[in-house]
Amino acid sequence: VIIAMDILLYLAAGYLLAGALFAVLFHARGVHRVDPAAAGAGAWFRVLITPGVVALWPLLAFRWRRHTQGGVFAGETERPLSARGLRRMHGLLIQLLAVLAPLAVAAALLWRPD
Amino acid sequence: MSVSYTGISWNRQKRVYDGALLALVLAGLALFMGLTLATNPHVTVETLVIRGTSITALLLLHVILCIGPLARLDARFLPLLYNRRHLGVTMFLLALVHGVFALVQFHALGDTNPLVSAFTAYRSDYRLFVDGRVNIAHFPFEPFGIAALLILFHMAATSHDFWLKNLGAACWKLLHLGVYLAYGLILAHVAFGALQSERSPLYPAALAVGFLVVISLHLAALRKEAALDRGRTRAMSDGFADACSVDELCEGRGRVVMVVGRRLALWRHQGRVYATSNVCRHQGGPLGEGRIVDGCITCPWHGWNYRPGDGCSPPPFQEIIETHDVRILNGRVWVKPRANTLRTACAGAPVSDPARIPAVHEALQ
């Protein structure tokens, strides 16, 4: 188990290192291409989005690549939000939470050692 | 809404909001650290930090989870929704401090990598079943907390509008629904961790009360939403659906109506009635619960603006919502269910519109 966890941690570290390198490149050349509204944005804006850039870098790399191939940024192509679909999913999550969470807590309390 | 990004667009409301948030966090930390010190004077600083940040973060999470349904149930809570993302980021930072201190305190002193230890510390001595009985003691509870922290990190890291725009509203919303999964994981983390050693009934009782408040508010809000969705279209005529009476519309305020299974927002503004989509392009806020300010439809959640006539945001902004044709006959508002092409200018219907609708010939079931 420890070896498996070690391997997983090395993979995660590699992913984040690649994300950090991507973030440098993205801030230098990509952010204003992926989203024109980011052109001229201040340093604090860049600080705020950096953790997300490092964590979600494959997604932004995909958007950047699509832009260089003549595509448009997501804001223009995004379909309007399906409010009803989200409401359904929200309701389902709440009902699952209402059932599963008390079961887990009850199990932890009922079987806790004396 | 903005045509270019800033770090945070500060205004008076945000300053008041964040000031209150800071006061709440400091009060929470002082209270819980003080109580811990009072009941156990020999406690270490690390333990104080671990307990103080965890309980304050948990309290904050309950506040965050209650704001949404409260705002759906009573418009007076809408101001709390305005800057909720700062609550979320603060809660994540408190949880992060808790996680780092706990990792150092309990897992950094051995030969194993602390992160590996957090997942495997119980590998040698833990068995779920011992002599045919469930063995809950020393159940590995850390993974629940780490998983919740990862979810909260992704939510905090994508809280800026840059992410809303570039992930897309639907994807962003789905990601942020993860807060309910994180809440469930945190409850399990607390129940299988702290509650195993804390014998006072106060802790499980407080956890149960918090959970019941959160779930009750959400179920009440869901019930209200479901009742609105069940609303039927009264009648159809000439491609228009009977939506409501003109008298039900107040000047300068929106009203949400169900038109052929879809929520639309109706507006009465300067003697004319307009119909638009009910979904804000920002975070999907219910536009029909907003009002018209300076001639623009204003979303009740974060104040995004749209002109009622063509659904476009005023320049230099570029967001657009759909508009629908409207007619008025005999004091009833009739709306075309099919939206106009985006940017179509729509004059609205004067409240005293003489337009004739043929006799009602189709009642929807």
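Values reported hereafter were calculated over all heavy atoms of this structure, with side chains retained and with hydrogens, waters and symmetry mates removed. Here the structure is a predicted model, which means the values were calculated and not measured. Per chain, numbering begins at 1; letters A, B, ... match sequence-line order.
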More than 12 heavy atoms of other residues, nucleotides or ligands under 6.0 Å from CE of B:Met258: yes or no? yes
Tell me, side chain or backbone of A:Leu60 under 4.5 Å from chain B's heavy atoms, or both, or neither? side chain
Might you work through the side-chain contact (heavy atoms from CB on, under 4.5 Å) test for B:Phe119 and A:Leu9, ending with a clear yes or no? CA-CA 11 Å; B:Phe119 282 96; A:Leu9 277 180; over 6 Å; no
Quick check: do A:Leu8 and B:Val116 have side-chain heavy atoms less than 4.5 Å from each other? no
Output the distance between atom OH (B:Tyr203) and atom CG (A:Leu109), rounded to the nearest 0.5 Å. 14.0 Å
B:Leu181 vs A:Leu93, test: side-chain contact (heavy atoms from CB on, under 4.5 Å). Steps then yes/no. CA-CA 8 Å; B:Leu181 178 58; A:Leu93 279 172; 5.7 Å; no
For side-chain contact (heavy atoms from CB on, under 4.5 Å), just list the numbers for A:Met5 and B:Asn113, CA-CA rounded to whole Å, side-chain angles, deciding distance to a tenth of an Å, and then say yes or no. CA-CA 10 Å; A:Met5 282 304 303; B:Asn113 181 319; over 6 Å; no
Side chain from CB out, backbone as N, CA, C, O: work out which of these in A:Val53 comes under 4.5 Å of a heavy atom of chain B, or both, or neither. both
For chain A, which of B:Val214, B:Leu174, B:Leu164 has the most heavy-atom pairs under 4.5 Å? B:Leu174
Mind checking the NE2-CD1 spacing from B:His218 to A:Ile94? Nearest 0.5 Å is all I need. 4.0 Å
Between B:Gln196 and A:Ala108, is there a donor-acceptor pair closer than 3.5 Å when you use the side chain of the first and the backbone of the second? yes
Looking at B:Phe211 and A:Pro102, what are the two nearest heavy atoms and their distance? CE2-CG, 3.5 Å
Within this structure, what is the CG-CG distance for the pair B:Leu167 and A:Leu59, rounded to the nearest 0.5 Å? 5.5 Å
Which atoms form the tightest heavy-atom contact between A:Leu97 and B:Gly184, and what is the distance? CD1-CA, 3.7 Å
Could you go through B:Phe192 and A:Val105, starting from their C-alpha distance and side-chain angles, then the distance that decides it, and tell me whether this counts as side-chain contact (heavy atoms from CB on, under 4.5 Å)? CA-CA 8 Å; B:Phe192 287 98; A:Val105 175; over 6 Å; no
Below 4.5 Å, heavy-atom pairs only: which of B:Ser197, B:Ala157, B:Ala208 has the largest tally toward chain A? B:Ala157
In terms of heavy-atom proximity below 4.5 Å to chain A, should B:Arg262 be classed as side chain, backbone, both, or neither? neither
Evaluate whether atom CZ of A:Phe62 has more than 12 neighbouring non-hydrogen atoms of other residues, nucleotides or ligands under 6.0 angstrom away. no
Could you give the distance from CG (B:Leu228) to CZ (A:Arg87), rounded to the nearest 0.5 Å? 7.5 Å
In this structure, CG of A:Asp6 is separated from CG of B:Leu115 (nearest 0.5 Å) by 10.5 Å
Between B:Leu222 and chain A, which part of the residue has a heavy atom less than 4.5 Å away: side chain, backbone, both or neither? side chain
Does any backbone or side-chain atom of B:Tyr180 lie under 4.5 Å from a heavy atom of chain A? Answer side chain, backbone, both or neither. both
Residue part contacting chain A, namely of B:Asn278, when any heavy atom lies under 4.5 Å: neither
Portion of A:Leu56 that has a non-hydrogen atom of chain B nearer than 4.5 angstrom: side chain
With distance as the sole test, does A:Arg63 use its side chain to make a donor-acceptor pair with the main-chain N or O of B:Asn166 at under 3.5 Å? yes
